[in-house]
Amino acid sequence: MTKNSMLYFMILVILGMIVMLLSVKPSNSLCKKHEDLFHSEIKSGMVIEKFIDTLNHATETVVFVDGNKKYILLLIPDSNNKDFEKIRVRDKITKVPNSFQFTLNDSYKFTFDIQCDF
């Protein structure tokens, strides 16, 4: 194989990888990460951690537990920014099954702003 053909091959491989990366829909992967949370009923959840994940595109992350089940909510900064600011560690959080509608401390209601096909 000559240097030119090797260069063309590498360029094709890199272009193929770029096309594959751009074709991945972030909302689909976000939906998959939240599918268990969507279907769950949360009656007496408690926020145990809240942070901005700088290694994951500065994702606003809320971790809470309900009984022995742990959930991670990856909020969308543009859509749920005020919700992230409102949430505090030790807050009570509830949710009805098959929805992304949450109630915080029995009063503040917010909806996780994502459209999934479950």
Side-chain angles (χ1 to χ4, degrees):
M1 211 190 253
T2 67
K3 282 188 175 185
N4 283 341
S5 58
M6 183 67 135
L7 180 64
Y8 291 130
F9 176 74
M10 291 302 293
I11 290 172
L12 285 174
V13 168
I14 292 171
L15 287 174
M17 290 174 62
I18 290 171
V19 168
M20 284 177 40
L21 288 173
L22 292 176
S23 67
V24 174
K25 295 181 181 177
S27 63
N28 281 345
S29 63
L30 201 55
C31 285
K32 287 179 184 177
K33 289 179 182 179
H34 289 90
E35 186 170 8
D36 185 40
L37 175 60
F38 177 83
H39 293 296
S40 297
E41 178 178 24
I42 298 167
K43 293 183 178 182
S44 59
M46 182 172 72
V47 177
I48 60 170
E49 192 174 2
K50 171 188 161 181
F51 60 95
I52 296 176
D53 189 351
T54 55
L55 298 177
N56 188 17
H57 306 290
T59 303
E60 296 172 335
T61 306
V62 178
V63 181
F64 55 95
V65 293
D66 186 37
N68 61 355
K69 185 73 175 167
K70 185 178 185 179
Y71 299 96
I72 298 174
L73 179 61
L74 305 173
L75 293 170
I76 301 164
D78 293 338
S79 304
N80 291 105
N81 192 38
K82 68 177 181 156
D83 302 323
F84 182 76
E85 292 173 9
K86 191 94 166 156
I87 297 169
R88 301 283 180 247
V89 173
R90 295 192 188 103
D91 279 351
K92 178 184 174 190
I93 191 164
T94 58
K95 186 190 89 56
V96 296
N98 302 318
S99 78
F100 281 130
Q101 296 176 351
F102 295 88
T103 304
L104 196 62
N105 297 325
D106 296 322
S107 60
Y108 181 76
K109 296 179 188 262
F110 70 96
T111 301
F112 178 43
D113 191 20
I114 186 172
Q115 299 298 317
C116 298
D117 296 326
F118 310 133

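Starting from 1, each residue takes its place in the sequence as its number. Bear in mind the structure is a predicted one, so any value in this text is a computation, not a measurement.
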- Message: What verdict does the side chain to side chain contact (heavy atoms under 4.5 Å, CB included) test give for Val47 and Arg90, after you've listed the backbone C-alpha separation in whole Å, the side-chain angles of each residue and the deciding distance to 0.1 Å?
- Response: CA-CA 5 Å; Val47 177; Arg90 295 192 188 103; over 6 Å; no
- Query: Between Asp36 and Tyr71, is any side-chain donor less than 3.5 angstrom from a side-chain acceptor?
  - Reply: no
- Are Met46 and Val62 connected in the hydrophobic side-chain network, where two residues link if heavy atoms are under 4.5 Å apart? yes
- Query: Is it true that a side-chain atom of Asp83 and a backbone atom of Phe112 form a donor plus acceptor pair closer than 3.5 Å?
  - Reply: no
- Identify the two heavy atoms, one from Asp66 and one from Lys43, that lie closest to each other, and give their separation to 0.1 Å. OD2-N, 3.5 Å
- Passes side chain to side chain contact (heavy atoms under 4.5 Å, CB included), Thr103 versus Val96? Steps please. CA-CA 9 Å; Thr103 304; Val96 296; over 6 Å; no
- Task: With sequence neighbours left out, write down each residue that passes side chain to side chain contact (heavy atoms under 4.5 Å, CB included) with Val63, or none if nothing qualifies.
- Result: Ile48, Glu49, Phe51, Thr61, Lys70, Ile72
- Message: Could you report the tightest heavy-atom contact between Ile87 and Lys50, atom names first, then the distance?
- Response: O-NZ, 2.7 Å
- Using distance alone, with no hydrogens and no angle criterion, decide if Asp91 and Asn105 have a side-chain donor and acceptor under 3.5 Å apart. yes
- Would Leu15 and Phe9 show up in the same hydrophobic cluster when neighbours are defined by side-chain heavy atoms closer than 4.5 Å? no
- Item | Least distance between heavy atoms, Lys95 atom then Phe38 atom | NZ-O, 2.9 Å
- Note on the structure: Contacts of Asp106 meeting salt bridge (Lys or Arg N to Asp or Glu O under 4.0 Å) (sequence neighbours excluded), chain-then-number -> Lys92
- Report whether Tyr108 and Leu73 are members of the same hydrophobic cluster (ILVMFWY, side-chain heavy atoms less than 4.5 Å apart, transitive linking). yes
- Message: Let me confirm one number: the CD-CG distance from Glu85 to Asn80, rounded to the nearest 0.5 Å.
- Response: 11.5 Å
- Message: Is the ring pair Phe102/Phe110 parallel, tilted or perpendicular, if the boundaries are 30 and 60 degrees?
- Response: parallel
